[in-house]
Each structure stands twice: as C-alpha cells, then as structure tokens.
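To start, the structure under review is shown below, and the notes come after it.
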Amino acid sequence: MTEPTQTPAALQVDENHIIAERREKLKTWRESGKAYPNDFRRENLAAKLDELYGEKTKEELEATPIQVKVAGRIMLKRVMGKASFITVQDLSGRIQFYVQKDGVGEAVYDDFKKWDLGDIVGGVGSLFKTKTGELTVQCAEIRLLSKCLRPLPEKFHGLTDVEQKYRQRYLDLATNEETRFTFVARSRMIASIRGHMTHHGFLEVETPMMHPIPGGASAKPFTTHHNALDMQLFLRIAPELYLKRLVVGGFEKVFEINRNFRNEGLSPRHNPEFTMMEFYEAYADYQSLMDFTEGLIRHAARESLGTETFDYQGRTLDLSKPFRRMTTVEAIHYHHPGYSLTMLNDAGWLRQKLADLKVEVFPTAGLGTLQMQLFEETTEAELWDPTYIIDYPTEVSPLARRSDKNPDVTERFELFIVGREIANGFSELNDPEDQAARFLEQMKAKDAGDEEAMYYDADYIRALEYGLPPTGGCGIGIDRLVMLLTNAPAIRDVILFPQMRPE
RNA sequence: GGGUGGUUAGCUCAGCCGGUAGAGCAGUUGGCUUUUAACCAAUUGGUCACAGGUUCAAAUCCUGUACCACCCA
C-alpha cells in the first residue's frame, strides 16, 4: 500500500513579495480583531439587480431609492482620491460599487484603499446610475469579508495557461466567464436529462461503483482492495449488468447517471473517470431506443442552449433533422463510393485493405469485424451529422441480442456526432444460455491475450435464468454530449477537475 | 512511439542574425469625489525550465532531459 505523497517538499508552497505584502495586510486585519467574519447576510445578487432595476432611469432611482446588500469578489478597482469604483463578482455576474470617503467614513475608506483585487467584500447601499448609465451600488457600508492572499491572473486576459486552468479550476472559474458558462450548461443539461427520463417514467437508481467482477463493457479496469473482506475489487467500467438485474427484479424502466472508470490513456476525448447515463426499458428494442435517444438529445440541447442548431468548432451542427441510420458497410460506401459493395462484402479484400492501412487484424476476425474495422479507420471520423450505425457483429457485442435475420450481427447501434461516438445501445441479450456461451467466448479471448475481453459473471447468468423481459438499453456519454453543446474541443474542458499528472 | 511549436517578473507577453533583461497588468509610494482593462508620476520585482557544449562573451547557437500544447500512429 503506497501512501499519497506528503513529503515536506510537496507541502511547501510558493511565496513571493506580492503574497508577503498581502499577508502583512491580513496580519493588520487580524490585529483589528475582526478577520474572516461570517455575519454578513447578502440580500441581492449582482446580475439580478440589473435584471430587476436596469431599466429604471437615474431620476426614478433618486426619487425612490432601492436599498441593496451585495457581496462578492473584487475583480476591478479604480481609486480616484476620495472616491472609488470597484467591480464585484458573485455567482450571478458582476455589479459596480461606488465607495466614497464621505459615504463610508474616513477610517473605512482608508482601509478600503488597501484592499486587493480578489478580496471578498460585502456592501450595503442604494442603487443609482452613473453618467454613463451603469447601475451601481452607492455604498453606505462596505466590509472586507475574506482576504485574497494570492494575486489573481491578469485582469484582462484572465487565466490562459491550459494546464493551470485544469489544475487550478477555481482560478479559471473566478476569472473566465466562458468556463463558468460551460459548467452551468453542463449542470442544466444533466438536469434536463433527469427531468426527461423521470417524465417518461424511468426510475433513477444507483448501482455499485466497486465491482467484484468488472463487467458491462470491454475495457481495462482499475483495481482496489477491501481490507476487511480481504478481497480485490474493481472500479466499475459500466453499470450495465447491475441495471439489467434491476429489470429482472421488475424495475422495468431504470436509469443511472454516474461515473465509470477505465484504466486507459488520457486524450482530448478520454478521461479515466467519465460520466455515463445508462437506461433500460423493458419491452423496447433498439429501434424504439434510437427514437427515444434522438428525442432525449434534442431535448437536452433545447433545455441547455435553447436551440437544436448551433456551432461546433466552426461548423454548423443541426440536431433537428432525423438522425440517419445505416450499417457500417452502407456508411463506408456512402462516404467512399470507390469502395463497392462487392469489395466491402469480400473478407479477403477487406483483410488486404486493412493491411495496406496498417490496421492490426486478428486472424479469427470475421467479415463483420473486418467491415467494422474498415469503418472505424475510414469513415467514423467523417460522420459529422448525427448518424446511427447499426447491426454490429455479434463477436464484438457480447451483451447484445442477435438479429433475427442474421445471427452474426446484433440489434445494436452506436450514435456518432461530429465524428465521435456519443451513444451505444442495443436490444438486450436476455437468453441466459446464449449469454453464458458468449461469456465463454470472451474468456477464451481473454486467455488468448485480449486484456479487454469480459469476465464470466455467474450471478448475472443466474439473474437472466429468472427471466429478463425483452429489453432495450442504451448508454450516453455525458461528457461528450456536453462538449458538443458547449463547443468544447477537449473532454478536459467539460470536467471540473480532469485527471492530471502530479505536479 | 514519431513530428512540430512552446517554457523569460505573481499574470499576459516582447526580446532570439550572440555583447550581460524589457513592456503592460498586479504590487509599493504620491496625486485625483462619476470611473469602465480608469488615469498621471515615481518605484520594487528575474538561477531567461534544467543539464551539458561551442564562444572572449549565450535568454539568443548546438545536444540532451523534463514538462505543456497540437498533429500523426
């Protein structure tokens, strides 16, 4: 068991003359006997004031003064001798305070002049409009509520260093409006999805994050250890098998929005922990799930952005049109007409083509897998408009129901938008004997060296033996969906504290 | 793993045909009672990522390492 790094060197923090000067100011504040008070109860939010009273004229505000009590962080400060303006920011936005020596008194004003950008203050006063018509709080009282010992990033450019944005998200949020917008939009989007699911009769549940047998996806798990039981546990790679156990139990419409963990590399599209929504509906199949998922995504866009058509990385994305549905072969042929349907159904031709493209192909790969590999190599990244790719090969879909028309493919879809996989769903495999056989195939693959192959989960088979109704299920990558809706190029931009190398 | 670009003051950046470090912001001091990235004057602050090399002399040229970003596998 290794301990977290807590060496003296790791505990040491950087200091400089600016911090030293601010510490001196804090010392003076402490000596006055009222540092870090917590008895200021604000009554107004900065941006709400502008919504409520922004339209009032200078004269109206003078005739019937409006008393307000606002608190927040000083973001800008303009001292002009015996009167000053500061711009204060709270969760809602910004408002300007006007602080005069005559208004707050000489002693407070002299203190105030020493306060720094980043300090948290509370002000009480009445609203007025400046010469330029800006709604402003004329302070009768102003207090320092919390000291900012470290200088904020440059006031105009904000924090631009991408690494620091992720490591010190609090600074990014304090200084960058766009970052605040992104995470507010994320919250709204998840709330809208919850609302949509609940509205359609789904029950929200929480299933284990620590699994004795990792399952529900093909991925490498993180391992951990439970001391009291002295057993190895795995952080979950997917909640799928637990959610389907609930459907066996009679929770016929369930969903879960929660974290999955996959022990893989970091990239613009991968974080080791990420948020998925999975939902399962009895007596649904993959066709009806595609309809539902399409509606859900449109709903999320409308609720968080107010529109279904928006810009993503300089290109228009329109979610309002029906999502296309095609097989891998149809998609390859559509985007690359040079590859004829004859070629794409010829395993020998596919093997040669993939070899030319330097794609690693297992000797056991069947026609469907070869087609899927060529699709991933040539076409996946070109699927800008929402597209469902359907009928994945059975050998790569161990939890999906076989197609009635062709047992080599499953009733499965993946949804691609802007060239990225957003969702994955299928008619669930509810035949316990077929599922047991598929798990055995996975074990063989694992023995042959496929680290991502699934484990045999005997309790899951036992659950299926009690009878899983015909069911459809789908997983949606929440982070990737947020990326679309917030025009974010990287998954790190939509995760508050993305995984980073240690400093 | 490969390629490209980057790392200079607390922050944002300039300097890079070699000659011993600059600006704006923030800080400090002074001035200013309607400012808007306020302004004016003065001023503090740097192991130029790290380690080698070339040179009389390296932030600058060369090599390597670390970290960051982007692209490719």
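Here the structure is a predicted model, which means the values were calculated and not measured. Chain naming here is simple, since letters A, B, ... match the order of the sequence lines and numbering starts at 1 in each.
- When both distances must be under 3.5 Å, the Watson-Crick or G-U wobble mate of C17(B) does not exist.
- Across the protein-nucleic acid pair, Arg150(A) atom CZ and A26(B) atom P stand 20 Å apart, rounded to whole Å.
- Side-chain atoms of Val79(A) lie closest to C32(B) of the nucleotides C32(B), G10(B), U35(B).
- Only the P atoms considered, U20(B) is 10 Å distant from A59(B), to the nearest whole Å.
- Applying the Watson-Crick and G-U wobble criteria (two distances, each under 3.5 Å), C67(B) pairs with G6(B).
- At the heavy-atom level, Asp102(A) lies under 4.0 Å from base atoms of the strands shown.
- Inspection of the Tyr109(A) and Ser84(A) side chains reveals an N or O donor paired with an N or O acceptor under 3.5 Å.
- Toward the 5′ end of RNA chain B lies the nearest nucleotide of Leu159(A), the other residue of the pair Leu159(A) and Phe128(A) mapping further downstream.
- A sub-4.0 Å separation between OP1 or OP2 of A38(B) and a side-chain N or O of Arg78(A) is present.
- Side-chain atoms of Thr87(A) and Arg94(A) include no donor-acceptor pair closer than 3.5 Å.
- Distance noted for atom C1' between A57(B) and G18(B): 8 Å (whole Å).
- Going from atom CD of Gln100(A) over to atom P of U34(B) covers 9 Å, rounded to whole Å.
- Comment: Asp172(A) engages Arg169(A) in a salt bridge, judged by a side-chain N to carboxylate O separation of less than 4.0 angstrom.
- Remark: G1(B) base-pairs with C72(B); criterion is Watson-Crick or G-U wobble with both hydrogen-bond distances under 3.5 Å.
- Side-chain atoms of Arg501(A) lie closest to C68(B) of the nucleotides C68(B), C32(B), A26(B).
- Look at C61(B): its Watson-Crick or wobble partner, with both distances under 3.5 angstrom, is G53(B).
- A donor and an acceptor atom sit less than 3.5 Å apart, one in the side chain of Thr130(A) and one in the base of U36(B).
- Rounded to an integer number of Å, the gap from Leu266(A) CG to C67(B) P is 13 Å.
- Between U54(B) and A9(B), the distance separating the two C1' atoms is 30 Å to the nearest Å.
- When rounded to the nearest whole Å, the span between CG of Asn176(A) and P of U12(B) equals 11 Å.
- Distances from the side chain of Glu134(A) to the nucleotides U36(B), U35(B), G24(B) place U36(B) closest.
- Of all nucleotides listed (C11(B), C68(B), U12(B)), C11(B) comes nearest to the side chain of Pro153(A).
- Taking the P atoms as reference points, A23(B) lies 24 Å from G6(B), given to the whole Å.
- Gln96(A) and Thr136(A) share a donor-acceptor pair across their side chains, judged by distance under 3.5 Å alone.
- Pairing for G45(B) is absent, with no Watson-Crick or G-U wobble pair whose two atom distances lie under 3.5 Å.
- Applying the 4.0 Å criterion to OP1 and OP2 of U28(B), one finds that Lys25(A) has a side-chain N or O inside that range.
- With G10(B), C67(B), U33(B) as the choices, the nucleotide that has an atom nearest any side-chain atom of Asn16(A) turns out to be G10(B).
- Distances were taken from every side-chain heavy atom of Lys155(A) (C-beta onward) to each of U36(B), A69(B), A38(B); the shortest belongs to A38(B).
- If you measure from atom NZ of Lys77(A) to atom P of U28(B), you get 8 Å, rounded to the nearest angstrom.
- Looking at the side chain of Tyr98(A), the nearest of the listed nucleotides U35(B), G10(B), U33(B) is U33(B).
- Side-chain nitrogen and oxygen atoms of Arg492(A) include at least one within less than 4.0 Å of the OP1 or OP2 phosphate oxygen of A69(B).
- Side-chain atoms of Thr160(A) stay outside donor-acceptor range of the base of U12(B), with no qualifying N/O pair under 3.5 Å.
- Separation of the Phe416(A) and Trp384(A) ring centroids does not fall under the 6.0 Å cut-off.
- Each of G45(B), U12(B), U28(B) was ranked by its minimum atom distance to the side chain of Asp116(A); first place goes to U28(B).
- Annotation: G24(B) and A38(B) have their P atoms spaced 16 Å apart (nearest Å).
- The nucleotide U35(B) finds no pairing partner, because no Watson-Crick or G-U wobble arrangement with both distances shorter than 3.5 Å includes it.
- Using bins of under 30°, 30° to 60° and over 60° for the plane-to-plane angle, the ring pair Phe261(A)/Phe222(A) lands in the perpendicular bin.
- Taking atom C1' in both C39(B) and G3(B), the straight-line distance is 49 Å, to the nearest Å.
- The gap from the C1' atom of C68(B) to that of U29(B) amounts to 39 Å, rounded to the nearest Å.
- Here His157(A) lies in heavy-atom contact (under 4.0 Å) with sugar-phosphate atoms only.
- Taking atom P on both nucleotides, G53(B) is separated from U60(B) by 14 Å, rounded to a whole Å.
- Remark: Lys58(A) is not positioned above the aromatic ring of Phe128(A), lacking an NZ or CZ atom under 6.0 angstrom from the ring centre and at most 45 degrees off the axis.
- Mapping Leu117(A) and Gln96(A) onto RNA chain B by nearest heavy atom places Leu117(A) at the nucleotide closer to the 5' end.
- Summarising the geometry, the separation between CZ on Phe112(A) and C1' on U33(B) is reported as 12 Å, rounded to the nearest angstrom.
- Contact annotation: Lys358(A) does not reach the phosphate of A73(B) (side-chain N/O to OP1 or OP2, under 4.0 Å).
- Per the geometry, CD belonging to Gln168(A) stands 12 Å off C1' belonging to C11(B), to the nearest Å.
- A cation-pi arrangement is present between Lys69(A) and Phe40(A) under the rule of less than 6.0 angstrom and at most 45 degrees off the ring axis.
- To the nearest angstrom, P of A14(B) lies 13 Å from CD of Glu154(A).
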